[in-house]
Amino acid sequence: MIGVLASGEGSNLQALIDAGLPVTAVASNRVGARALERARAHGIGVACFPLEEFESRAERDRTMADWLEARGVRLVALAGYLQLLTPDFLERFPDRVLNVHPSLLPSFPGLHAVEQALAAGVRETGATVHLVDAGIDTGQVLVQRPVAVLPDDTPERLHDRIKGVEHRLLPEVVRELIVQ
Ligand code: GRF
C-alpha cells in the first residue's frame with residue numbers, strides 16, 4: 001500500500017493514481033492543497049497535519065506516521081511535499097520513503113530547482129527519483145531522466161516539460177519497489 005505526501009498541486013499524485021497503483025492514503029501539511037481534492041475525488045483517505053497544530057515537528061511526524069501505518073502504508077512517496085521529515089519518521093519506513101525532484105541531483109537541490117537550472121545556464125536538467133534521508137534532496141538516487149533546456153525557456157515551460165517526465169518516472173519506480 002502506498003502513502004503519498006503532497007503540499008500542492010498533486011499532479012504527481014494524479015500520475016500514480018492514473019497508473020493504477022494502490023494509493024491508499026494521502027497526507028498534506030496544507031489544508032488547501034489541491035492534491036487532497038484529487039485524492040478525495042478518487043475515494044482515497046486524506047488527512048492534513050499542519051505544523052502549527054502540533055507542539056513540534058517530531059510530534060507532527062509521529063502522528064502522521066501512525067496515521068499512514070494504520071492504513072497499511074508500506075511505501076511513502078513524496079510528491080511535491082515541501083517539508084523535511086524527522087529521522088524518526090524515516091526509521092518507521094526504512095528505505096521506503098522516496099521523493100521526486102525537478103533536477104538531475106546532486107545539481108540544484110532544494111527549492112526553485114528549475115529557476116536554479118535556468119540561472120546556471122545549463123543545457124540539460126531533468127527529473128530524479130531518490131530515497132529520502134534527513135538532508136535536503138541528498139538520499140540515494142534511484143533513477144534520473146534528462147530534459148533539454150531550450151533557448152526561450154521560462155521556468156513555467158521548463159517545469160511543465162520536467163513534470164511530464166516525472167509523471168512517467170515516479171509510477172515506474174513505485175511499481176518496481178512495490179513488487180520487490
Ligand atoms: C514536482 O516538480 C516535484 O518534482 C517537486 O515538486 C513538484 C510537485 O508537483 N518536488 P505536483 O504537486 O506533483 O504537481
Side-chain angles (χ1 to χ4, degrees), residues 2-21 23-42 44 46-51 61 64 75-85 89-90 93 96-120 122 124-150 153-175 177:
I2 302 160
V4 175
L5 305 187
S7 302
E9 175 60 27
S11 68
N12 279 287
L13 163 67
Q14 190 70 54
L16 293 170
I17 295 170
D18 293 347
L21 289 159
V23 178
T24 53
V26 174
S28 183
N29 60 308
R30 284 191 48 235
V31 178
R34 167 116 164 83
L36 294 175
E37 274 176 49
R38 293 182 190 263
R40 281 194 203 97
H42 290 271
I44 297 168
V46 303
C48 203
F49 301 91
L51 193 49
D61 283 8
M64 190 160 67
L75 179 80
V76 180
L78 274 52
Y81 184 65
L82 297 176
Q83 307 226 306
L84 282 177
L85 291 165
F89 181 100
L90 298 172
F93 305 93
R96 281 293 177 275
V97 183
L98 49 90
N99 181 43
V100 57
H101 182 79
S103 76
L104 296 175
L105 291 171
S107 295
F108 315 126
L111 293 175
H112 310 302
V114 178
E115 287 84 349
Q116 289 184 56
L118 284 174
V122 293
E124 190 177 80
T125 182
T128 300
V129 178
H130 65 96
L131 291 179
V132 174
D133 63 15
I136 298 178
D137 302 323
T138 49
Q140 183 196 334
V141 170
L142 298 176
V143 58
Q144 299 188 300
R145 293 265 153 87
V147 172
V149 179
L150 304 179
D153 260 339
T154 61
E156 293 70 30
R157 275 206 291 261
L158 179 54
H159 201 173
D160 275 354
R161 291 205 309 287
I162 294 172
K163 279 195 177 191
V165 171
E166 291 178 348
H167 297 164
R168 293 190 298 276
L169 202 57
L170 182 62
E172 265 173 46
V173 177
V174 167
R175 194 180 299 283
L177 287 176

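In listed order, ligands and their atoms are each counted from 1.
Protein residues are said to neighbour a ligand when one of their heavy atoms lies under 4.0 Å from it; for ligand 1 these are E9, G10, S11, N12, G80, V100, H101, P102, H159, K163, E166.
Shortest non-hydrogen contact noted between V46 and A39 is CG1-CB, 3.5 Å.
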Solution key, residues 125-132 side-chain donor-acceptor pairs under 3.5 Å, sequence neighbours excluded:
from, atom 1, to, atom 2, distance (Å)
T128, OG1, S103, O, 2.6
T128, OG1, L105, N, 3.1
T128, OG1, Q144, NE2, 2.9
H130, NE2, N99, ND2, 3.1

Side chains of residues 28-35: which donor-acceptor pairs under 3.5 Å do they make with residues two or more places apart or in other chains?
from, atom 1, to, atom 2, distance (Å)
S28, OG, A6, O, 2.6
S28, OG, R30, N, 3.0
S28, OG, R30, O, 3.2
N29, OD1, S7, OG, 2.7
R30, NH1, S7, O, 2.6

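Listed by chain and residue number, nothing satisfies the salt bridge (charged side-chain N to carboxylate O under 4.0 Å, His left out) test with E124 (two or more places apart in sequence, or in another chain).
Considering only heavy atoms from C-beta on, I17 stays 4.5 Å or farther from V4 through its side chain.
Using a cutoff of 4.0 Å between basic side-chain nitrogens and carboxylate oxygens, K163 and E9 are not scored as salt-bridged.
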